[in-house]
J.: 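Right, I'll just put the structure down here and ask away after.
Numbered from 1 within each chain, the chains take letters A, B, ... in sequence-line order.
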2 protein chains.
Amino acid sequence: MATRTDAPTRREQILKEAARLFAERGFHGVGVDEIGAAVGISGPGLYRHFAGKDAMLAELLVGISDSLLTGAKRRLAEADGVTGSDPGPGAVLDSLIEGHIDFALDDRPLITLHDRELDRLRDADRKLVRQLQRQYVELWVGVLREVYPAVPEPSARSAVHSVFGLLNSTPHLGRPGSLPGRAVTAALLHRMARGAFAAVGEG
Amino acid sequence: MATRTDAPTRREQILKEAARLFAERGFHGVGVDEIGAAVGISGPGLYRHFAGKDAMLAELLVGISDSLLTGAKRRLAEADGVTGSDPGPGAVLDSLIEGHIDFALDDRPLITLHDRELDRLRDADRKLVRQLQRQYVELWVGVLREVYPAVPEPSARSAVHSVFGLLNSTPHLGRPGSLPGRAVTAALLHRMARGAFAAVGEG
DNA sequence: CAGGGCGGTTAGCGGTCGTTAACCTGAAGG
DNA sequence: CCTTCAGGTTAACGACCGCTAACCGCCCTG
């Protein structure tokens, strides 16, 4: 449970650069030599750390999905855990939105990969990722229907997917420097997400 | 201005299948033999219709961007053109949203390609596509700021990009059959888009 | 100080890919 | 009836890619 704030291990360097390159040019558009060059070693040296190119993508996608789900579960538990002072479902929804926005703003390449290169995985890995993604969606759907009980489940699920589309649009918002500031962007996205959900709930 | 309701020409068949395959497996993940097989000819026969694989992608992406922009301009002109009975900026915004939703629901592969494979284009084509996309965005921004004049331009632009993310999420909403019906989905997306914009405007 | 293994290197193999070359066929036109 | 040509075919080439093989040096440890 330590290892953070340490210098990044070589595996982590590789994963980070691979994520960036995959997001920029697509999984098939990046050669192993380029990934190696991005971390200062060249080509086949990567195979001391990963079984192959596929394994890097698999670890990235499983990691993203797992991290999103774990974070959401934690936020849900924190909300339910505070005995006595129930924050209300609206606050839980806000917390989920906030967590997703943090992820979308801080790990743009991963967000990009997450819904783009899933089909390049081996069957077992793809099933795992899809299962994690589905759990994440269902968790949001549950919270959303606590806030807006009148919304039928299929609509809620569609709404959640659409809001993910909205929040995951950060890669299109220009380079990290051209934004009006991270906090401002986060607040804007948050309000839009709530507004989109509200429009569903008040139907 | 005829040619529609005719049998699709071979070029059109190829473009349609290529779009589907590119969207499913990525530009680099599809071989020319597969594209050929999808239209009943095999491999190099495609070169009787296109200069190369890149040319197919270019024609697809330019076509999408141009079609989106042209449709939006037409809707804007229709609104401004009705002398006397100005429909109001809100109705124009609704019309833009409706047009984009139609596109997202009817041409899912193209929507997918549109923000995914842009970097695979030659410089000249990429610049053209980006220019068309930019015009499309600015057109939306203008209309949005008529509806919500208090929204500063950078926020409006971010909001437009985010709503595109929302509307373009249709590929994630399950296969075309599993949806609650096209009209229902379209209405849901429309309300969410308006809700998201309203949340920005009422800030 | 011997040795072992971690983390690199370069060379090269097998397969695939985009593209070209050369050839063929069936239908239209004078 | 001969020609032309659009629209196919198969063969093959050169480039590239993922991956393995073989080798090597450095550091750690007994």
Side-chain angles (χ1 to χ4, degrees), chain A residues 3 6-62 113 116-126, chain B residues 3 6-62 113 116-126:
Chain A
T3 71
D6 298 0
T9 175
R10 182 80 336 153
R11 273 183 69 91
E12 292 169 328
Q13 282 184 51
I14 295 171
L15 284 175
K16 182 182 165 192
E17 294 302 312
R20 185 179 55 81
L21 290 167
F22 289 160
E24 281 174 8
R25 303 216 284 282
F27 179 68
H28 291 299
V30 181
V32 290
D33 290 358
E34 302 177 67
I35 303 174
V39 296
I41 72 182
S42 244
L46 296 170
Y47 288 78
R48 300 289 168 196
H49 304 276
F50 294 93
K53 202 178 148 193
D54 301 354
M56 301 181 207
L57 182 66
E59 190 156 329
L60 284 171
L61 292 188
V62 172
L113 288 182
R116 189 167 299 193
E117 306 285 357
L118 180 58
D119 299 325
R120 261 54 97 196
L121 258 48
R122 292 191 355 265
D123 271 27
D125 292 323
R126 191 173 56 247
Chain B
T3 73
D6 295 3
T9 175
R10 183 73 349 146
R11 271 182 72 89
E12 291 170 327
Q13 281 183 52
I14 295 171
L15 284 175
K16 182 182 165 192
E17 294 302 312
R20 184 178 55 81
L21 290 168
F22 289 160
E24 281 175 9
R25 303 217 283 282
F27 179 67
H28 291 299
V30 180
V32 291
D33 290 358
E34 303 177 66
I35 303 174
V39 296
I41 72 182
S42 243
L46 296 169
Y47 287 77
R48 300 289 166 194
H49 303 275
F50 293 93
K53 202 179 148 191
D54 302 355
M56 301 181 207
L57 183 66
E59 189 156 328
L60 284 171
L61 292 187
V62 172
L113 288 182
R116 189 167 299 194
E117 307 285 356
L118 181 58
D119 299 325
R120 262 54 100 199
L121 258 49
R122 293 191 354 265
D123 271 27
D125 293 321
R126 191 172 56 247

J.: Measure from CD1 on Ile41(A) to P on dC6(C) and round the result to the nearest Å.
T.: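 Rounding to the nearest Å, CD1 of Ile41(A) and P of dC6(C) are 16 Å apart.
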J.: For Arg11(B) and dA6(D), what is the distance between atoms CZ and P respectively, to the nearest whole Å?
T.: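 Computing the Arg11(B):CZ to dA6(D):P distance gives 15 Å.
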J.: Scan nucleotides 16-22 of chain C nucleotide by nucleotide, 5' to 3', and note B when protein non-hydrogen atoms come under 4.0 Å of the base, S if they reach only the sugar-phosphate, - if neither.
T.: --SBB-B
J.: Restricting to non-hydrogen atoms, name the atom on Ala58(B) and the atom on Asp125(B) that form the minimum distance, rounded to 0.1 Å.
T.: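 Scanning both residues, the minimum pair turns out to be CB-OD2, 3.6 Å.
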J.: Between Arg10(B) (side chain) and Val39(B) (backbone), is there a donor-acceptor pair under 3.5 Å?
T.: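 Confirmed, Arg10(B) side chain pairs with Val39(B) backbone.
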J.: Can you check the Leu21(A) CG to dC17(D) P distance for me, whole Å?
T.: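 Going from CG in Leu21(A) over to P in dC17(D) covers 13 Å.
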J.: Pair Leu21(A), Ile35(A) - check side chain to side chain contact (heavy atoms under 4.5 Å, CB included), show working.
T.: CA-CA 7 Å; Leu21(A) 290 167; Ile35(A) 303 174; 4.1 Å; yes
J.: Could you tell me how far apart Phe50(A) (CZ) and dT20(D) (P) are, to the nearest whole angstrom?
T.: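 Rounded to the whole Å, the gap is 15 Å.
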J.: Between dA6(D) atom P and Arg10(B) atom CZ, what is the distance in whole Å?
T.: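 Atom-to-atom, Arg10(B) to dA6(D), this comes out as 16 Å.
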J.: List the atom pairs, donor and acceptor, that lie under 3.5 Å between side-chain atoms in residues 42-53 of chain B and the rest of the protein, sequence neighbours left out.
T.:
from	atom 1	to	atom 2	distance (Å)
Lys53(B)	NZ	Phe27(B)	O	2.9
Lys53(B)	NZ	Val30(B)	O	2.8

J.: Checking Arg120(B) side chain against His28(B) main chain: does a donor-acceptor pair fall under 3.5 Å?
T.: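 No, because the side chain of Arg120(B) does not come within donor-acceptor range (under 3.5 Å) of the backbone of His28(B).
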J.: To the nearest angstrom, how far is Ile35(A) atom CD1 from dC17(D) atom C1'?
T.: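 Roughly 12 Å, once rounded to whole Å.
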J.: Measure the shortest side-chain to side-chain distance between Ile14(B) and Met56(B) over non-hydrogen atoms and say whether it is less than 4.5 angstrom.
T.: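 Ile14(B) reaches Met56(B) side chain to side chain.
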